[in-house]
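Quick note: numbers below take in every heavy atom, side chains included, and nothing from hydrogens, waters or symmetry partners.
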Amino acid sequence: MKETVEFLLHHGYTLLFAFVLAEQIGLPIPSTPMLLAAGALSGLGRMNLAYAWSLAILASLVGDSLWFILGRRRGFSILNLVCRISLEPDTCVQKTQVTYGRHGVNWLLFAKFVPGLSTIAPPMAGMFKVKPWKFLSMDTGGAVLWSGAYLTVGWLFRDQLEVAAFYLARLGSWLIVVVVGAIALYIAFKYIQRQRVYRALRIARITPQELKRRMDKGESVVVIDLRSEFEWADGRIPGSLSPVGDDLETLISDTPKGEIVLYCSCPNEVTSARAALRLKRHGVKHVRPLEGGFPVWKELGYPVEFPAAVPLSESK
């Protein structure tokens, strides 16, 4: 066990950088324990706090900058990759969109403290064309606050961590088994949580091709856009209606009779599926999410319309 402790102390900076980078690129590896441990070891004189803090900030910026560039170049299609890697339920996309609509680029200062927003925030900033210098300044501020908060907590409770380390040392070689097992359980929990979301949202979709065909024939189809207003800069399906706030039921009651089609920008249409299930519970029978959402509709080259006034992302 002594060799294990010496290894951790000798490679502590490398491990800290690796864990923070892994979490920021979306892998299901929590870096909070490493930040707390680094803060405690700094308080005990076994690590340099300023160096550990700098490495955590650098690792965070490397991962975030990669997602920012991909989001800027690939657009909404990159969200599918983000959600597959992070194992987070895709509702984090909608949460991030709403947060951006309220706070603009300032969200990057606190996104890392909110589960589900940390990995999604950088590519979303790229998608909405936030200027690189503004992204780097706000993301750096967020990384400083986030890593500094956990390092400080670890430093303040260094004595308690030293006691915990004493008991962990008594586990001997079992410590590695416990750590690996804990990580495996965390990943399994996230995977099960994700599958539960998808099972709960199983509902028949309508393909963009079928919707386009029915619209061209003039059939009675009510199309509802569930996206936030700032996403309208990318266009909307012609004739789309939008609920005021979250008052979807009132909008439905005021629309003509016909099948209702809901669309969003979330991977796997999670937001649309949730809204469809909500409407079915209120007695609305003919409602379906649009398969692939607006990104697929636009990729197929189908017509879009643009509202007269669209909020500018950079004005945020």
Side-chain angles (χ1 to χ4, degrees), residues 20-29 31 56-149 225-236 264-268 270-271 293-296 298-299 306-307 309-316:
V20 173
L21 178 60
E23 183 177 26
Q24 296 310 305
I25 64 176
L27 296 178
I29 300 176
S31 62
I57 295 171
L58 177 61
S60 179
L61 289 177
V62 169
D64 290 351
S65 297
L66 173 63
W67 283 123
F68 175 78
I69 294 172
L70 289 174
R72 198 174 183 87
R73 293 182 177 180
R74 297 286 302 278
F76 278 97
S77 63
I78 201 65
L79 295 183
N80 288 295
L81 176 60
V82 174
C83 290
R84 280 200 299 268
I85 293 176
S86 66
L87 295 178
E88 289 285 351
D90 300 322
T91 49
C92 58
V93 176
Q94 185 69 9
K95 291 179 182 178
T96 307
Q97 294 170 351
V98 172
T99 303
Y100 187 88
R102 293 176 180 175
H103 304 285
V105 74
N106 295 331
W107 69 349
L108 293 170
L109 286 173
F110 56 82
K112 295 185 184 302
F113 292 98
V114 183
L117 297 190
S118 180
T119 306
I120 291 292
M124 195 74 75
M127 281 180 252
F128 295 129
K129 307 302 181 183
V130 174
K131 293 179 181 178
W133 68 265
K134 183 179 292 187
F135 167 77
L136 284 175
S137 61
M138 300 303 295
D139 194 59
T140 299
V144 169
L145 292 175
W146 170 73
S147 57
D225 185 352
L226 298 177
R227 301 174 304 156
S228 301
E229 289 184 4
F230 58 88
E231 294 183 78
W232 296 350
D234 205 31
R236 303 174 62 184
C264 61
S265 299
C266 301
N268 301 302
V270 171
T271 298
F294 182 76
V296 173
K298 190 170 183 180
E299 286 176 8
F306 295 88
V310 178
L312 298 176
S313 60
E314 290 295 350
S315 66
K316 297 285 186 179

Looking at every non-hydrogen atom in both residues, tell me the closest pair between [X] and [Y] and how far apart they are.
X	Y	result
Ala56	Val20	O-CG1, 3.6 Å
Glu23	Ile29	CB-O, 3.3 Å
Arg227	Cys264	CG-CA, 3.8 Å

Can you tell me how far apart [atom1] ([X]) and [atom2] ([Y]) are? Round to the nearest 0.5 Å.
X	Y	atom1	atom2	value
Ser65	Gln24	OG	CD	11.0 Å
Ile69	Phe135	CD1	CZ	8.5 Å
Phe68	Met124	CZ	CE	13.0 Å
Trp146	Asp139	CH2	CG	10.5 Å

Original post:
For the side chain of Thr140 and the backbone of Leu136, is there at least one donor-acceptor N/O pair under 3.5 Å apart?
Top reply: yes

Original post:
Are the side chain of Arg72 and the backbone N or O of Ala125 linked by a donor-acceptor pair below 3.5 Å?
Top reply: no

Subject >> With Leu21 via side-chain contact (heavy atoms from CB on, under 4.5 Å) - residues at least two apart >> reply: Phe17, Ile25, Ala59, Val62

Original post:
Can you name the residues that form a salt bridge (Lys or Arg N to Asp or Glu O under 4.0 Å) with Asp64, not counting sequence neighbours?
Top reply: Lys112

